[in-house]
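Everything on this sheet refers to the single structure shown next.
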Amino acid sequence: MAQRFEYMDWLRVLAIFTVVGIHVLSKIINAEPPEAWEWQLANAIDSATRWCVPVFFMLSGALLLTKKPDEPVWSFLRKRLAKAFIPLVFWSGIYLLYRILEQGRSYTAGEAITLFLTDDVYFHLWFLYTIIGLYLMAPFLRILVDRMTQKTFLYFLGFWFLFSVLMPFINRFLGFDVAFKAGMFEPYIGYFMLGAYLFLYPIPKKYLPHLAAAAFLGYIGTYIGTEGLSDYKGELDEFFYEHYRPNSLAITLFVFTLFQHLEGRLKANKLITRISAATLGIYVIHPLIQYYLDKYLSISPTMFHPALAIPITWIIIFILSYAIIRVLQKLPGVKHLVP
């Protein structure tokens, strides 16, 4: 049996809880003007949450890319792709039905297929498309990880930082696109590989205070940068919210390293293990829970003072999402739809 790392379960649970929070906050931050105090509150919280999605890719990289590349490619792909592709097809159908029944949309079969193929069924399903792409590359990245020295690995991550993390600033603030394209260093490939690197070469504990300081500066940069650009634009500008900005990377690096060093202190917990196993299900279902709670029970981050309504809504959505997925996972034939 493969070794289990308790910190990964705890980190995965915290990450999915944070994802739910981002979508709760979005109901304020996408609706209110930047000068509104509700918007300022939502931005202050949201700026601290942008590490959660990169952590999912890092955990996958740590688990998948650090094993010996001796498994046949098709055997590897058959097992991993089924866990993502089957839920993607099923939940795309669910959200198409939602758009038809709740949003009054109508689609021909061709239009529905086009939506599916172009990742336009529903906003949060992009994650499944991305993880499928990474799974397709994983057997080959495994070989790369297995053969690279630590120094070569650092060169890889350095080029990723250059092409995916720094270059977007040139386009945004200098107004032109650099023509050098390096697909191997796409944003989420970098996080996938970074997870493997930190698993193989953990950052020593003595550097945690430095990482914490960098994370704090990253948070301040996210908050101030988002506020400044949004004030200028007159509506939310998500440039500094992107997962692969230096500010987000700093927070992500600190959170992942912190949990690595908590291994041994974070004890096995049945509830945490169960929620960790329900992460993907919680991810795909929680927007529906959020919508119907608001529609039928008026439970939303604006139902009363946001300082109270945000955490209450956040917790209720998370608990209900987990409870429903937990029930579905016990039904015969359904576990492949909510793995």
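Since this is a predicted model, take the numbers as computed values, not measurements.
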Check: Is it the case that one hydrophobic cluster holds both L162 and I189, taking links as side-chain heavy atoms less than 4.5 Å apart, direct or via other members?
Finding: yes
Note to self: Please determine whether residues I319 and Y291 belong to a single hydrophobic cluster, defined as Ile, Leu, Val, Met, Phe, Trp and Tyr linked transitively by side-chain heavy-atom distances below 4.5 Å.
What the structure shows: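 Per the 4.5 Å side-chain linkage, I319 and Y291 are co-clustered.
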Item checked: Criterion ring-ring contact (aromatic ring centres under 6.0 Å, His included) against Y283, the qualifying member of F56, F127, W126, F318 ->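 Testing each of F56, F127, W126, F318 against Y283, the sole residue satisfying ring-ring contact (aromatic ring centres under 6.0 Å, His included) is F127.
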Hey, could you give me the [atom1]/[atom2] distance between [X] and [Y], rounded to the nearest 0.5 Å?
X	Y	atom1	atom2	answer
I203	T257	CD1	OG1	4.0 Å
R78	Y135	CZ	OH	15.5 Å
R245	L249	CZ	CG	12.0 Å
I86	L128	CD1	CG	12.0 Å
I251	T49	CD1	OG1	8.5 Å
I275	K270	CD1	NZ	14.5 Å

Is any side-chain heavy atom of [Y] closer than 4.5 Å to one of [X]?
X	Y	value
S92	L125	yes
F199	L65	no
F76	L64	yes
V13	L271	no
W51	H243	no
W91	I285	yes
T302	I28	yes
R172	D237	yes

Next item on the list: Carefully, step by step, assess R99 and Y107 under the rule side chain to side chain donor-acceptor pair (under 3.5 Å).
Entry: CA-CA 10 Å; R99 293 180 71 166; Y107 304 101; 3.1 Å; yes
Next item on the list: Decide yes or no on side chain to side chain donor-acceptor pair (under 3.5 Å) for Q150 and Y155, but give the supporting numbers first.
Entry: CA-CA 9 Å; Q150 184 177 5; Y155 272 120; over 6 Å; no
Next item on the list: Begin with the C-alpha distance, continue with both residues' side-chain angles, and end with the deciding distance and a verdict on side-chain contact (heavy atoms from CB on, under 4.5 Å) for L144 and F153.
Entry: CA-CA 9 Å; L144 193 62; F153 213 143; over 6 Å; no
Within the 6.0 Å centroid threshold, strictly below: [X] and [Y]:
X	Y	answer
F254	F216	no
F239	F173	yes
F123	H23	yes
Y188	F57	yes
Y122	Y98	yes
Y95	H124	yes
H305	W37	yes
Y191	Y197	no

Next item on the list: Take T152 and T149, measure what side chain to side chain donor-acceptor pair (under 3.5 Å) needs, and give me the verdict at the end.
Entry: CA-CA 5 Å; T152 306; T149 64; 2.9 Å; yes
Note to self: Whether K295 and E102 form a salt bridge (side-chain N of Lys/Arg under 4.0 Å from carboxylate O of Asp/Glu) is what I want to check.
What the structure shows: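 Here E102 pairs with K295 in a salt bridge, since their nearest N and O are under 4.0 Å apart.
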Next item on the list: Give a yes or no on this: more than 12 heavy atoms of other residues, nucleotides or ligands lie within 6.0 Å of atom CZ of F169.
Entry: yes
Margin query: Take a 6.0 Å sphere around NE2 of H261 and say whether it holds more than 12 heavy atoms from other residues, nucleotides or ligands.
Written below: yes
Which heavy atom of [X] sits nearest a heavy atom of [Y], and at what distance?
X	Y	value
L166	P246	CD2-CG, 4.3 Å
P87	A82	CD-O, 3.5 Å
I132	A84	CG1-CB, 3.6 Å
T18	L14	OG1-O, 2.7 Å
P34	S230	CG-O, 3.5 Å
F116	L88	CE1-CG, 3.7 Å

Mark yes or no for whether [X], through its side chain, and [Y], through its backbone, hold a donor-acceptor pair below 3.5 Å.
X	Y	result
N30	S26	yes
Q329	A277	yes
E111	T108	yes
S164	F185	yes
W39	I29	yes
E6	L266	no

Next item on the list: Starting from the C-alpha separation in whole Å, work towards a yes-or-no answer on ring-ring contact (aromatic ring centres under 6.0 Å, His included) for Y244 and W160.
Entry: CA-CA 10 Å; Y244 36 88; W160 166 65; 8.8 Å; no
Checklist line | Evaluation steps, side chain to side chain donor-acceptor pair (under 3.5 Å), between Y241 and N43 | finding: CA-CA 10 Å; Y241 275 179; N43 182 39; 2.6 Å; yes
Item checked: Sequence neighbours excluded - salt bridge (Lys or Arg N to Asp or Glu O under 4.0 Å) pairs with any residue from residues 31-58 ->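 Matches after skipping sequence neighbours: D46-R50.
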Item checked: salt bridge (Lys or Arg N to Asp or Glu O under 4.0 Å) partners of residues 134-151, not counting sequence neighbours, each pair once ->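 Qualifying pairs: K68-D146, E71-R142.
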Next item on the list: Go through I317 and L293 one step at a time and tell me if the side-chain contact (heavy atoms from CB on, under 4.5 Å) criterion holds.
Entry: CA-CA 8 Å; I317 292 171; L293 281 176; 3.7 Å; yes
Notebook entry, point to check: Would you say the side-chain atoms of N247 and T222 include a donor-acceptor pair closer than 3.5 Å?
Noted result: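 Yes - a donor-acceptor pair under 3.5 Å links their side chains.
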Next item on the list: Say whether R12 and S276, considering side chains only, have a donor N or O and an acceptor N or O under 3.5 Å apart.
Entry: yes
Next item on the list: Show your reasoning for whether ring-ring contact (aromatic ring centres under 6.0 Å, His included) applies to Y223 and F240.
Entry: CA-CA 8 Å; Y223 176 78; F240 284 98; over 10 Å; no
Item checked: Derivation and outcome, side-chain contact (heavy atoms from CB on, under 4.5 Å), residues I131 and S60 -> CA-CA 9 Å; I131 202 67; S60 292; 3.9 Å; yes
Margin query: Apply side-chain contact (heavy atoms from CB on, under 4.5 Å) to residues C52 and I22 and explain how you reach the verdict.
Written below: CA-CA 9 Å; C52 55; I22 287 177; 3.5 Å; yes
